[in-house]
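Following: one structure in structure tokens, then a few remarks.
Along the sequence shown, residues carry numbers from 1.
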Amino acid sequence: MSIETRGGPPLGRLLEQTTAFAVRTLQTLRRNSAVAFWAVAFPAMFYLLSVSLFIDTGGMPAEVVSAVKATHAVSYGAFAALTVFLSTFSQSLVADVERGRYRQFRALPVSPAADFLGRFAAAYLFAVAAVLAVLGVGAATGAAFTLRSAASIPVALLGLLALGLFAASIAVVLVAVVPDAKFASIVAVSVVMLAFFLTGYNGIQPGMLAGAADFVNVVPNALATRLAVHHLVAAGGWTQAGLAPPGAPTSMGHVALLAGYAVTGLALAVAATRRSLYGGAVR
């Protein structure tokens, strides 16, 4: 699909190019069965293995069992999103780098911001679908989801947006700094796994971490996951569900921190795209 666009107002060109990159990326993702497996099927199977083999629910009340399953479904949904924003996003960039497409893009009046925003919009839609698929599997196994308020869905989507922008910015930087572009995807997969396990399954099992686990209410993947759990899961007690300590990240400060991650990720990603992939050219 051609990215070259007609002349016109700068904002109009930006929107047109962003849409072109988004449509192109969605078409690429849709045709890639490996992406569907690693971003959707694998997290869902990972969830099923956890709740079937590794969680002893024998002595738990029924409402706690449904809450524990729901928290794990949200956790593995966040894992699916991380896979999309880090691994899949980096693979998309690597494919264009290795096929020499950026030589063509640099020769055209293409905006680096439109490049990143278009790719990210496609990744975000794909990540939402991946998260919903994992939550659907969770619901089928007895996980109970309850909206805490009318703001619950917007807050959860904000968390996913912040997580996505921060993770996608890391993907762009990896593609830029790793000498051999194809190894950027391998590094990205490693980052996904490390982030997941080093934060106690994205922050839902802080008890498995050595020492104080307060940082799970600060780092992007765990903060977004725990905030989503707070808004989507009717957990009567965070301690019973294995979520405490620390307590739920319910303050406006936590939401502001997520917004800060989003802004920082966006600025870093656009700057890295412009400098490393477009040779510093400002369009």
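In this structure, the separation between CG on L198 and CE on M193 is 10.5 Å, given to the nearest 0.5 Å. With values rounded to the nearest 0.5 angstrom, S169 atom OG is found 9.0 Å from L266 atom CG. A distance of 10.5 Å separates CE in M60 from NZ in K69, rounded to the nearest 0.5 Å. Considering CG of L161 and CG of L258, their distance stands at 9.5 Å, rounded to 0.5 Å. Rounding to the nearest 0.5 Å gives a distance of 7.0 Å between OG1 of T273 and CG of L93. Atom CG of L227 sits about 8.0 Å away from atom CG of L158, to the nearest 0.5 Å.
Side-chain atoms of S152 come within 3.5 Å of backbone atoms of H231 as a donor-acceptor pair (strictly under, hydrogens ignored). Checking side-chain atoms of R274 against main-chain N and O of A269 turns up no donor-acceptor pair under 3.5 Å. A donor-acceptor contact shorter than 3.5 Å links the side chain of S66 to the backbone of E63. Looking at Q17, its side chain does come within 3.5 Å of a backbone N or O of S111 through a donor-acceptor pair.
Considering every non-hydrogen atom in both L165 and A262, the closest pair reads CD1-O, 3.5 Å. Residues A224 and G159 share a closest heavy-atom pair of CB-O, 3.6 Å. For A151 against P154, the heavy-atom pair with the smallest separation is O-CD, 3.2 Å. Closest of all the heavy-atom pairs between A80 and V134 is CB-CG2, 4.3 Å. Contact detail for P206 and A244: the closest heavy-atom pair is CG-N, 4.2 Å. Nearest heavy-atom pair across A22 and A122 is O-CB, 3.5 Å.
Contact annotation: the side chain of F37 approaches that of M45 to within less than 4.5 Å [non-hydrogen atoms, C-beta and beyond]. Side-chain contact check for P246 versus R226: some heavy-atom pair is nearer than 4.5 Å. Between T28 and N32, every side-chain heavy-atom pair lies at or beyond the 4.5 Å cut-off. Side-chain atoms of V68 and I204, non-hydrogen and from C-beta on, never get closer than 4.5 Å to each other. Taking 4.5 Å as the limit, some side-chain heavy atom of N221 sits within range of a side-chain heavy atom of V219. V233 places none of its side-chain heavy atoms less than 4.5 Å from the side chain of T146. Side-chain atoms of F21 and L117, non-hydrogen and from C-beta on, never get closer than 4.5 Å to each other. In this structure, the side chains of T250 and H254 stay at 4.5 Å or more apart for every pair of heavy atoms.
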**OP:** Could you check F215 against T199 for side chain to side chain contact (heavy atoms under 4.5 Å, CB included), going step by step and ending with a plain yes or no?
**Re:** CA-CA 8 Å; F215 71 93; T199 57; 4.1 Å; yes

Original post:
Do F85 and I170 pass the side chain to side chain contact (heavy atoms under 4.5 Å, CB included) test, and can you show the C-alpha distance, the side-chain angles, and the key distance before you say yes or no?
Top reply: CA-CA 9 Å; F85 291 127; I170 294 175; over 6 Å; no

Subject >> Stepwise side chain to side chain contact (heavy atoms under 4.5 Å, CB included) test for V110 and Y278 >> reply: CA-CA 9 Å; V110 175; Y278 285 84; 3.4 Å; yes

**OP:** Show your reasoning for whether side chain to side chain contact (heavy atoms under 4.5 Å, CB included) applies to S90 and L174.
**Re:** CA-CA 8 Å; S90 65; L174 285 175; 5.8 Å; no

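There is a side-chain donor-acceptor pair under 3.5 Å between Y47 and T141. Side chains of H72 and S75: no donor on one and acceptor on the other come within 3.5 Å. Using modelled atom types and a 3.5 Å distance limit, the side chains of S92 and R119 yield a donor-acceptor pair.
Annotation for I153: atom CD1 does not count as buried by contact number, only 12 or fewer foreign heavy atoms lying within 6.0 Å.
Between F89 and F116, the ring centre distance stays below 6.0 Å. You'll find the ring centres of F196 and Y76 inside the 6.0 Å limit.
F166 and V255 fall within the same hydrophobic cluster, defined by Ile, Leu, Val, Met, Phe, Trp and Tyr side-chain heavy atoms under 4.5 Å apart, directly or through other members. Under a hydrophobic clustering in which Ile, Leu, Val, Met, Phe, Trp and Tyr are joined whenever their side-chain heavy atoms come within less than 4.5 Å, directly or via other members, L29 and V23 fall into different clusters. Under a hydrophobic-cluster definition in which Ile, Leu, Val, Met, Phe, Trp and Tyr are linked whenever side-chain heavy atoms come within less than 4.5 Å, directly or via other members, F197 and F42 are assigned to the same cluster. F79 and V40 sit in two unconnected hydrophobic clusters of ILVMFWY residues. Membership requires side-chain heavy atoms under 4.5 Å apart, directly or through other members. Both L157 and L132 sit in one connected hydrophobic cluster of ILVMFWY residues. Membership requires side-chain heavy atoms under 4.5 Å apart, directly or through other members.
The only option from N202, T225, L209 that meets the side chain to side chain contact (heavy atoms under 4.5 Å, CB included) definition with V216 turns out to be L209.
By the 4.0 Å N-to-carboxylate-O rule, D96 lies too far from R103 to be salt-bridged with it.
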